[in-house]
Protein chains: 2
Amino acid sequence: MVKSDDFDVRQFLPYLLNQAAEASSLEFQKVYKDKYGMLRNEWRVLFHLGIYGQMTASDIGARSQMHKTKISRAVQRLAERRYLTRTRAEADRRVEYLTLTSAGQRVYQDLKATAAEYDAALTDGMSRQEAALLRTMLERLAARP
Amino acid sequence: MVKSDDFDVRQFLPYLLNQAAEASSLEFQKVYKDKYGMLRNEWRVLFHLGIYGQMTASDIGARSQMHKTKISRAVQRLAERRYLTRTRAEADRRVEYLTLTSAGQRVYQDLKATAAEYDAALTDGMSRQEAALLRTMLERLAARP
DNA sequence: GCTTGTTAGTTACAATTCCAACTATTACAT
DNA sequence: ATGTAATAGTTGGAATTGTAACTAACAAGC
């Protein structure tokens with residue numbers, strides 16, 4: 001049983017997380033949006049493919065927690081821009097393998113470099129331990145069912 | 001200059017923040033959504049009024065970083081449900097003072113109690129220092145311009 | 001008084017997202 | 001083999017959000 005009288009909702013973790021997430025996303029969004037006309041879901045799909053190489057849409061879903069309709073639409077737009085190619089699996093023709101084109105690879109590398117810089121700026125005031133602890137806690141929070 | 005070769009985008013702070021924020025929001029959303037048919041922006045407006053008492057829409061905007069159209073629409077819906085009342089300011093008739101009705105107060109108290117419990121569950125694995133540090137870092141990240 | 005500029009809040013329309021239903025294909029059990 | 005269920009991914013329409021333009025009221029300078 002928790003007393004709510006002395007609980008300050010301003011300290012509510014989901015609220016703080018959303019504020020921090022929105023603030024930091026908005027700034028980085030400028031990069032992939034203004035430079036490449038991409039949406040957040042497209043950037044996410046792109047970077048999953050950049051990290052893991054060839055994947056199916058459901059692989060991405062499993063890794064990213066993104067809903068399959070978001071993935072489907074992001075993949076469509078990335079395919080239109082020729083950042084990735086889709087290949088039907090011979091063994092199971094429901095499945096499509098997604099692979100970055102070399103143009104897609106280049107965009108990924110560029111965005112990754114910018115992300116690295118921006119991440120460094122975000123963790124600027126923190127000690128190395130603090131930054132590491134923050135990431136660990138965020139991962140734990142994201143993973144909880 | 002940051003080397004991006006050894007930067008793992010999976011550790012990218014905006015990404016982790018979004019994952020954690022989405023995961024934790026989704027669970028709490030069930031409460032205000034299923035129980036009171038509210039959207040996230042409405043819950044946010046409600047809890048600002050719960051904390052600070054009477055406020056104007058722009059007060060809420062300044063505190064919450066929410067865009068004014070979000071606030072405007074959230075206020076409309078909360079007013080329809082009779083969770084708040086709007087009063088024109090005599091001195092400056094552009095301004096409206098927003099105040100929770102007693103029904104709104106009750107909803108706020110209930111949601112606040114649930115939030116307290118949920119927050120306790122989220123910080124369950126953490127030490128008191130870790131939780132405090134996390135909140136501080138999130139506040140800093142949210143506040144950066 | 002009359003411009004010109006600013007601020008509070010709303011509205012319109014386009015872009016996104018959500019949700020549920022859908023197609024196509026495979027798996028599995030009888 | 002045949003009916004039933006499960007899975008991969010797509011699509012349509014409703015709900016929500018974003019963006020920019022808008023109204024109304026105030027403020028300041030002339």
Side-chain angles (χ1 to χ4, degrees), chain A residues 18-19 21-23 25-30 32-34 36-45 48-49 54-81 84-99, chain B residues 18-19 21-23 25-27 29-30 32-34 36-46 48-49 54-81 84-99:
Chain A
N18 268 296
Q19 299 256 90
E22 250 165 67
S25 294
L26 235 81
E27 197 164 331
F28 186 65
Q29 164 181 319
K30 286 204 226 106
Y32 54 74
K33 191 175 175 190
D34 295 353
Y36 296 108
M38 285 169 58
L39 303 172
R40 186 161 56 114
N41 292 331
E42 292 161 43
W43 150 241
R44 282 199 189 178
V45 165
H48 275 88
L49 293 173
Q54 187 174 77
M55 297 177 94
T56 69
S58 10
D59 291 342
I60 297 176
R63 293 268 185 200
S64 67
Q65 306 285 129
M66 288 169 72
H67 190 76
K68 59 182 183 173
T69 64
K70 284 186 181 176
I71 298 172
S72 172
R73 282 164 172 142
V75 166
Q76 270 181 327
R77 300 190 48 166
L78 289 171
E80 280 165 19
R81 276 155 222 249
L84 61 76
T85 57
R86 344 170 75 166
T87 342
R88 279 271 158 231
E90 279 308 310
D92 181 345
R93 286 206 309 285
R94 290 170 301 184
V95 174
E96 270 185 348
Y97 294 120
L98 308 171
T99 321
Chain B
N18 267 296
Q19 299 258 88
E22 251 164 67
S25 294
L26 234 80
E27 197 164 332
Q29 165 181 319
K30 285 203 225 110
Y32 55 72
K33 192 176 174 192
D34 295 352
Y36 297 108
M38 286 169 58
L39 302 173
R40 188 161 54 114
N41 292 331
E42 292 161 43
W43 151 240
R44 283 198 188 177
V45 165
L46 184 86
H48 275 88
L49 292 173
Q54 186 175 79
M55 298 177 94
T56 70
S58 11
D59 291 342
I60 297 177
R63 293 266 184 203
S64 67
Q65 308 282 131
M66 287 169 74
H67 190 76
K68 58 183 183 172
T69 64
K70 283 187 183 176
I71 298 171
S72 172
R73 295 196 251 244
V75 166
Q76 270 181 324
R77 299 190 49 165
L78 288 172
E80 280 164 21
R81 275 156 223 252
L84 61 77
T85 57
R86 344 170 73 165
T87 339
R88 280 267 161 235
E90 279 307 311
D92 182 345
R93 287 206 308 287
R94 290 170 302 182
V95 173
E96 270 186 348
Y97 294 120
L98 308 171
T99 322

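Reckoned from all heavy atoms, side chains included, excluding hydrogens, waters and symmetry mates. This is a predicted model, so every value here is computed, not measured. A note on names: the letters A, B, ... follow the listed sequences, proteins ahead of strands, and every chain is numbered from 1.
For the contact set between residues 85-96 of chain B and DNA chain C, defined by any heavy atom under 4.0 Å, the members are Arg86(B), Arg94(B), Val95(B), Glu96(B).
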Atom pairs, N/O to N/O, protein against nucleotides 16-20 of chain C, distance under 3.5 Å?
{"residue": "dC18(C)", "atom": "OP2", "partner": "Lys70(A)", "partner atom": "NZ", "Å": "3.1"}
{"residue": "dC18(C)", "atom": "N4", "partner": "Arg73(A)", "partner atom": "NH1", "Å": "2.9"}
{"residue": "dC19(C)", "atom": "OP1", "partner": "Lys33(B)", "partner atom": "NZ", "Å": "3.4"}

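Between Met55(A) and His48(A), the closest heavy-atom pair is SD-O, 3.8 Å.
Looking at heavy atoms from C-beta onward, Asn18(A) lies out of side-chain contact with Glu22(B) at the 4.5 angstrom threshold. Looking only at side-chain heavy atoms (C-beta outward), Glu42(A) and Val45(A) stay at 4.5 Å or farther from each other.
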Which pairs of donor and acceptor atoms, one on a side chain in residues 90-98 of chain A, lie under 3.5 Å apart (sequence neighbours left out)?
{"residue": "Asp92(A)", "atom": "OD1", "partner": "Arg94(A)", "partner atom": "N", "Å": "3.0"}
{"residue": "Asp92(A)", "atom": "OD1", "partner": "Arg94(A)", "partner atom": "NE", "Å": "3.1"}
{"residue": "Asp92(A)", "atom": "OD2", "partner": "Arg94(A)", "partner atom": "NH2", "Å": "2.8"}
{"residue": "Glu96(A)", "atom": "OE1", "partner": "Arg86(A)", "partner atom": "NE", "Å": "3.3"}

Can you give me every donor-acceptor pair (side chain of residues 62-73 of chain A, partner residue at least two apart or in another chain, under 3.5 Å) with its distance?
{"residue": "Ser64(A)", "atom": "OG", "partner": "Ile60(A)", "partner atom": "O", "Å": "2.7"}
{"residue": "Ser64(A)", "atom": "OG", "partner": "Met66(A)", "partner atom": "N", "Å": "3.1"}

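Of the N and O atoms on the side chains of Arg77(B) and Asn41(B), not one donor lies less than 3.5 Å from an acceptor on the other residue.
For the side-chain hydrogen bond (donor to acceptor under 3.5 Å, both in side chains) test, residues two or more places apart in sequence or in another chain that qualify with Asp59(A) are Thr56(A). Thr99(B) meets the side-chain hydrogen bond (donor to acceptor under 3.5 Å, both in side chains) test with Gln54(B); sequence neighbours excluded.
Here Gln76(B) contributes atom CD and Glu80(B) contributes atom CD; the two are 6.5 Å apart, rounded to the nearest 0.5 Å.
The shortest distance between the side-chain N/O atoms of Gln76(B) and the OP1/OP2 oxygens of dT11(C) is below 4.0 Å.
Reading DNA chain D from its 5' end, the first and the last nucleotide to sit under 4.0 Å from a heavy atom of chain B are dT16(D) to dC26(D).
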Using the ring-ring contact (aromatic ring centres under 6.0 Å, His included) rule, take Tyr36(A) and Trp43(A) through it: C-alpha gap first, then chi angles, then the decisive distance, then the call.
CA-CA 10 Å; Tyr36(A) 296 108; Trp43(A) 150 241; 9.8 Å; no

